[in-house]
Amino acid sequence: MNNTIKKSIKSGLISGLAFSCLMTGNDYLGGQEFNIYQFLFNTFFFGIAMGLITRYNLRKQKIHK
C-alpha cells in the first residue's frame, strides 16, 4: 500500500472512532442507553466519509506540488 492509502485509512479510523465516542457520550448524557449498532454505524460511515475526503485532499496536494 502506498502512503496515501495508509494515511486515508488511519484518518478514517481515528475520526470515525472519535465521532462515535462523542455521539455516544452525548446520548449517554441525554439519558439514553448504549446502543452498539448506532456506535458501529457512526464509526463506519463517518470513518469512510472522512477517509475518502482525506484521500481526495492528499491526491489534490500531490498534483499541485
Side-chain angles (χ1 to χ4, degrees):
M1 284 195 286
N2 62 17
N3 203 15
T4 304
I5 294 173
K6 288 180 185 178
K7 287 182 180 180
S8 299
I9 292 171
K10 192 180 295 186
S11 171
L13 287 173
I14 292 170
S15 60
L17 284 173
F19 178 76
S20 292
C21 289
L22 289 172
M23 293 306 293
T24 301
N26 185 34
D27 290 343
Y28 182 72
L29 290 175
Q32 296 178 359
E33 293 185 17
F34 178 74
N35 185 353
I36 187 70
Y37 298 113
Q38 185 177 6
F39 182 82
L40 292 174
F41 178 81
N42 287 338
T43 302
F44 289 126
F45 286 103
F46 190 77
I48 289 169
M50 293 307 294
L52 291 174
I53 290 170
T54 302
R55 183 172 181 256
Y56 172 77
N57 286 333
L58 290 173
R59 291 179 78 200
K60 189 175 177 182
Q61 287 175 1
K62 188 183 246 184
I63 291 171
H64 292 294
K65 280 189 176 182

Worksheet item: Between atom CG of N57 and atom OG1 of T4, what is the distance when rounded to the nearest 0.5 Å?
Response: 11.5 Å

Practice prompt. Return yes when atom OH of Y37 has more than 12 non-hydrogen atoms of other residues, nucleotides or ligands closer than 6.0 Å, and no otherwise.
Written response: no

Worksheet entry | Residues in side chain to side chain contact (heavy atoms under 4.5 Å, CB included) contact with L52, at least two apart in sequence or another chain | I48

Response to the item:
Residues passing the ring pair (Phe, Tyr, Trp, His ring centres under 6.0 Å) test with Y56, sequence neighbours excluded, are none

Less than 3.5 Å apart, which donor and acceptor atoms pair up between the side chains of residues 11-30 and the rest of the protein, not counting sequence neighbours?
unit_1: S11; atom_1: OG; unit_2: T54; atom_2: OG1; d: 3.0
unit_1: S15; atom_1: OG; unit_2: S11; atom_2: O; d: 2.7
unit_1: S15; atom_1: OG; unit_2: G12; atom_2: O; d: 3.4
unit_1: S20; atom_1: OG; unit_2: G16; atom_2: O; d: 3.1
unit_1: S20; atom_1: OG; unit_2: F39; atom_2: O; d: 3.2
unit_1: S20; atom_1: OG; unit_2: T43; atom_2: N; d: 2.8
unit_1: S20; atom_1: OG; unit_2: T43; atom_2: OG1; d: 2.6
unit_1: T24; atom_1: OG1; unit_2: S20; atom_2: O; d: 2.8
unit_1: D27; atom_1: OD2; unit_2: Q38; atom_2: NE2; d: 3.4

